[in-house]
Amino acid sequence: MDAMDHAPSATPKALATEAVHAGREDLAALGLHAPPLDLSTTYPSYDARAEAARIDEFAATGARLDGPPVYARLDNPTVARFEEALARLEGAEAAVAFASGMAALTAVLLARAAQGLRHVVAVRPLYGCSDHLLDAGLLGTEVTWTDPAGVADAIRPDTGLVMVESPANPTLAEVDIRAVAHACGTVPLLVDNTFATPVLQRPVGLGARIVLHSATKYLGGHGDVMGGIVACDEEFARELRRVRFATGGVLHPLAGYLLLRGLSTLPVRVKAASATAAELVRRLATDPRIARVHYPVIGGAMISFEVYGDPHEVIAGVRLITPAVSLGSVDTLIQHPASISHRIVHEGDRRAAGVSDRLLRMSVGLEDVEDLWRDLTQALSARSAEPAGAGAHSVAVPTPAER
């Protein structure tokens, strides 16, 4: 689009600066301060022959059209700004946005399957719906589950993708992305970077070729917009645009506008919430009602912990903290993965991946740490206390060698 003609300076900028300015460099020249919101579903053209040629080019290559879009399913200027900004934050050549994180993952799988590469190698745990999409073969894919050390041996001639989530949902287990990328050889490594965000981790720089986000979470950051996005090289982005056009999983322009706005405060939000999370981890690690605390080496605003008592009593007991699915909002959320986010995963597979029935997952927001701790410790009622004779609790923070 014309707005992207104002290329960013070649001088590297800090992530916080990129978060504020990426996708917006042309605004001053347009006489604007805030990005415009383009809600058009269609765009006029008086030259049908020229439009036919442009449509033919898109169908053949998936490249972005020069000039205005033809139809909102091909492209949208507001969404394109968000895509440009996220690609810059992740250090990727391009990014393609979708209506949800699951729509984004679906497009990746379809794009690889279209090339006859239907086999996926994946490492558990993953987000429950991602796990289900792969395991159920709903898109005609076949999955081999393995641990990070087994990736190379699991790859076959028809393997189109290796997928990991690090830190993983909901145990916050980490993998050595660089080592896994090396084990993949020529097979693309997809890293779900939703929990870490580019503030804490940039998988492209570690060898990943595809980075997935549920933009609904930290990128939006306020619990009021749904979307997904894939950061990758331009060659694969063209394939994804063709899939998006054919399947219709487009991101609404208003969502694109809100997600672009969310990126501008992403570093500040993640750093503030992470500091609070680290303090809560410190306190939970010494609480006799807690059996185990999970927190990643890279930090972040996500915490998982296992209680000695009934986790459902904790969910029912919070008042300031919101008992709800999702994560990454400005307010703190808590949920029971075995009941909700990972309920769709087979019980045996769920437990084998470390998702116990006593595990709770908490997305720490921007509230004061003392208020959060007061609410949490009250919810950890006497019914959740450590039973007589129980062993000591522990904090599961892996060493760098274990990542």
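- Distance CG/Leu284 to CG/Leu376: 5.5 Å, rounded to 0.5 Å.
- Under the 3.5 Å distance criterion, with hydrogens and angles disregarded, a donor-acceptor pair is assigned to the side chains of Thr332 and Glu367.
- A side-chain donor-acceptor contact under 3.5 Å links Thr197 to the backbone of Val199.
- The line from CG of Leu189 to CZ of Arg178 is 12.0 Å long, rounded to the nearest 0.5 Å.
- Judged by distance alone, the side chain of Arg292 and the main-chain N or O of Val307 form no donor-acceptor pair under 3.5 Å.
- A donor-acceptor contact shorter than 3.5 Å links the side chain of Thr106 to the backbone of Met102.
- In terms of heavy-atom proximity, Pro198 sits nearest to Arg202 at O-CG, 3.6 Å.
- Arg81 pairs in a side chain to side chain contact (heavy atoms under 4.5 Å, CB included) with only one of the listed residues (Asp26, Asn76, Asp38), which is Asp26.
- A search for side-chain hydrogen bond (donor to acceptor under 3.5 Å, both in side chains) contacts involving Glu90 returns Asn193, His213, not counting sequence neighbours.
- In this structure, Gln378 contributes its side chain and Val318 its backbone to no donor-acceptor pair below 3.5 Å.
- Distance alone, capped at 3.5 Å, is enough to place a donor-acceptor pair between the Arg269 side chain and the Tyr218 backbone.
- When atom types are taken as modelled, the side chain of Ser166 and the backbone of Val175 share a donor-acceptor pair closer than 3.5 angstrom.
- Using a distance-only test at 3.5 Å, with no hydrogens or angles considered, no donor-acceptor pair links the side chain of Arg112 to the main chain of Val108.
- Just one residue in the list Leu126, Val123, Val120 forms a side chain to side chain contact (heavy atoms under 4.5 Å, CB included) with Trp145, and that residue is Leu126.
- Here the CG-CG distance, from Asp192 to Asn169, works out to 8.0 Å after rounding to the nearest 0.5 Å.
- A salt bridge does not link Glu57 to Arg54: none of the charged nitrogens lies less than 4.0 Å from a carboxylate oxygen.
- Under the 4.5 Å side-chain criterion, counting only non-hydrogen atoms from C-beta, Lys217 is in contact with Ser326.
- For Asp75 and Arg241, the salt-bridge test fails: no basic side-chain N is under 4.0 Å from an acidic carboxylate O.
- Expressed to the nearest 0.5 Å, how far CZ of Arg361 lies from CE of Met302 amounts to 4.5 Å.
- A salt bridge links Asp135 to Arg124: one of the charged nitrogens lies within less than 4.0 Å of a carboxylate oxygen.
- Taking both residues in full, the closest heavy atoms of Ser274 and Ala301 are given as OG-N, 3.6 Å, listed atom of the first, atom of the second, then distance.
- The two atoms that bring Leu212 and Gly101 nearest to each other are CD1-O, 4.0 Å, heavy atoms only.
- A donor-acceptor pair is defined here as one N or O able to donate and one able to accept, closer than 3.5 Å; no such pair exists between the side chain of Arg244 and the backbone of Leu251.
- Proximity of the aromatic rings of Phe58 and Phe245 is defined here by a centroid distance below 6.0 angstrom, and this criterion is met.
- Taking OG from Ser214 and CZ from Phe98, the interatomic distance works out to 13.5 Å, rounded to the nearest 0.5 Å.
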